[in-house]
Undergrad: 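Dropping the structure in here first, questions after.
Reminder, nothing fancy here: chain letters follow the sequence lines and each chain counts from 1. Note that the structure is predicted; figures quoted are calculated from it, not measured.
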2 protein chains.
Amino acid sequence: MKKSITIKEIAEEAQVSIATVSMVLNKKDKKISEATRKKIHAIAQKYNYTPNTMARSLITRQTRTIGLIIPDIVNPFFPEIARGVEDKASEFGYSVIYCNTDDKIKREDKYINVLTEKMVDGIIFAHSSDRQLGFDSLDKCKVPILLIDRDYENRNVIGRVVVDNREGAYMATSYLLDRGYRKIAYIAGSITTTTARGRLEGYNQALAEREIPVNEHYIKVGEYKLQWGVEAADQLLHEKEPIDAIFCGNDLIAIGAIRKLKECGLRVPEDIGIVGFDDIYLASLVEPPLTTIKQPNYEMGYKAAELLIKNIEKLRQDKIKHENNSVLVEKNTVFLPTELIVRRSAK
Amino acid sequence: MKKSITIKEIAEEAQVSIATVSMVLNKKDKKISEATRKKIHAIAQKYNYTPNTMARSLITRQTRTIGLIIPDIVNPFFPEIARGVEDKASEFGYSVIYCNTDDKIKREDKYINVLTEKMVDGIIFAHSSDRQLGFDSLDKCKVPILLIDRDYENRNVIGRVVVDNREGAYMATSYLLDRGYRKIAYIAGSITTTTARGRLEGYNQALAEREIPVNEHYIKVGEYKLQWGVEAADQLLHEKEPIDAIFCGNDLIAIGAIRKLKECGLRVPEDIGIVGFDDIYLASLVEPPLTTIKQPNYEMGYKAAELLIKNIEKLRQDKIKHENNSVLVEKNTVFLPTELIVRRSAK
DNA sequence: CTGAAAGCGCTTACAG
DNA sequence: CTGAAAGCGCTTACAG
């Protein structure tokens, strides 16, 4: 549309050098006379000057833009994360470019490339669960990467922000145990991810603490879908040793399980106790409102953006000051706590 | 992190000029000898060359990045739109920077500014419903803007993509009429938006066609929330002339209304027919699965990105070719059709 | 207090 | 077929 005015044109009109204009507009104008300053600001205002950040970035080597790579924004798990990221980023004056990969490694690599070319200052990355080994595009990547939700070993990764799934599952299972349930099943969504493994650990730990033996038949591994909740619940109802409670890997599973239980005339939580992992907050909409472990998704995004940007800025400081290799602000994995939300108490 | 190699360095190593390297790497290399070409590609590969798009953009005046401004990605209405936008954008080789405004005009203006500074090629904008009049930041904006979901008159706007709410409401109401319902209420979420007005028009039109007089008491205006659905349903049940069906402004309202009806021992749809406007696809999770008007949200984002990018590219073509004022690809409002999803048929 | 100059990494006429 | 040169809009030492 309209062409923007440049500092060169402002300089001409103000009868000063472009250096002076640049300094004034960047508030590095301690040494500039009040008169010049006013004149320049007036002209900038008049023509509605907007700086060309491309030109600036070319010199400063910072774009104040970060990338967010997630599987799918439509998956209700991710909007809160995305929102957390954007909130923190904009607090710091950063923008975020967001990318959907559908968990496809090819698309992940493509986006890492695109973001690198766009010179983003950093990337927040929720990678595919299939991504098992070190991968070229990550190794080659010239941009700092921070992992969320799922863990992954890689030297280019400057940090990780994940949910404390072990603790959450422990809380969920302990809650059921506290209410007197003893035959607690676990319907897992999958077991290949660190997420799922953490939850299994927590479940086992809670049982172990009370010296309740783990019944392998009580652990059903499938996928994070409503239909799987229905099926798994059906399987559990046909076990020789009847169950009295279920810890569900996520809330879609929980909804499915409840549907099945009701079909069979069982009441929740009077007959069968249920706690779900509240991936996507839907559980609160089904009846009976379900007791769940709330995932700190918003916090995850927020924290991730904070860590990433702090690292970015520290890296830059170090480069400017000492030109030596810099130490990261925080290199280790951050575990975010979950919360037990009791919506309807069992027994 | 690692510094990227530049075309200058490639040129040195290959013993050619940077112009040659640039041409080869940009596939404008028809005139370059096969040997030089191969040599250059080999070196680029070897050092894992990634172009600096800042530098390129500075010259070409295109960033291949568009902005997406929405109220809140956590609102389940928007992820599908965002996904549609990103899908189409990445098809065209564009990235998208996304921004949450919480419907605050101040934040909208801030983001329009930020995006302008970042030199995005265009902006897709779902503006606040409170934004009634022409507004400075939009007028001043140097970037083409395309509006989605909500309409707004402004000369800087190159187009609009909205849902055909009138048609949708007409379908919903007609469906209920076809099933024999005659006392059809309408629980609206609000009436200030063009969205809500369109729906009211469709409702009125359907009734008018069958020569059924509109009963003002049957139209309840509130907000797009579950609780309002509960309240409005309660009000409707106390009307002198009893209703036999409800058209709900969105699915949160529908869920609330159903909850109330059930509480009063009424069956849906046997006693009271219900059709909701399926803003957020949640309706399918409540029982009984609800008949709804499906919003083409994904399509809205997809179409919007397509129109915007086509306009951007046309604008550029025209500038290169004739340097004259260009005609927009499509300036008018695009109405996207809704779809009636019958999940449980009434009567 | 201010300016002249170099340069960020690239593209694009233009010349040969 | 290839190179020298100008320039995109800005920042940053350095000099005065």
Undergrad: Side chain of B:N52 only, heavy atoms from C-beta on: which candidate in C:dT11, C:dG9, C:dT12 is closest?
TA: C:dG9
Undergrad: Quick check on D:dC8: is either OP1 or OP2 less than 4.0 Å from any side-chain nitrogen or oxygen of B:R56?
TA: no
Undergrad: Using the side-chain heavy atoms of A:T60, tell me which of these nucleotides is nearest: C:dG9, C:dT12, D:dT12.
TA: D:dT12
Undergrad: So what does the secondary structure string of DNA chain C come out as, 5' to 3', with Watson-Crick or wobble pairs under 3.5 angstrom, [ ] for crossing and | for pairs with another strand?
TA: |||.||||||||.|||
Undergrad: Have a look at B:T36 and say if it touches a base, only the backbone sugar-phosphate, or nothing, with a 4.0 Å heavy-atom cut-off.
TA: sugar-phosphate
Undergrad: Would you classify A:S57 as touching base, sugar-phosphate or nothing, given that sugar-phosphate means primed atoms plus P, OP1 and OP2, and contacts are heavy atoms under 4.0 Å?
TA: nothing
Undergrad: Among the candidates C:dT11, D:dG9, C:dC8, find the nucleotide nearest to the side-chain atoms of A:A55.
TA: D:dG9
Undergrad: Where along residues 11-18 of chain B does a heavy atom come under 4.0 Å from DNA chain D, residue by residue in number order?
TA: B:Q15, B:V16, B:S17
Undergrad: Side chains of B:T65 and B:K118: donor-acceptor distance under 3.5 Å anywhere?
TA: no
Undergrad: Counting only side-chain heavy atoms from C-beta out, which of C:dT12, C:dT2, C:dC8 sits nearest to A:I59?
TA: C:dC8
Undergrad: Tell me whether the OP1 or OP2 atom of D:dG9 has a side-chain N or O from A:Y49 closer than 4.0 Å.
TA: no
Undergrad: Using a strict 4.0 Å threshold on nitrogen-to-oxygen distance, state whether B:K88 and B:E91 make a salt bridge.
TA: yes
Undergrad: Between A:E13 and A:Y47, does any side-chain donor sit less than 3.5 Å from a side-chain acceptor?
TA: yes
Undergrad: Is the backbone N or O of A:M119 less than 3.5 Å from a side-chain atom of A:T63, with the two atoms forming a donor-acceptor pair by type?
TA: yes
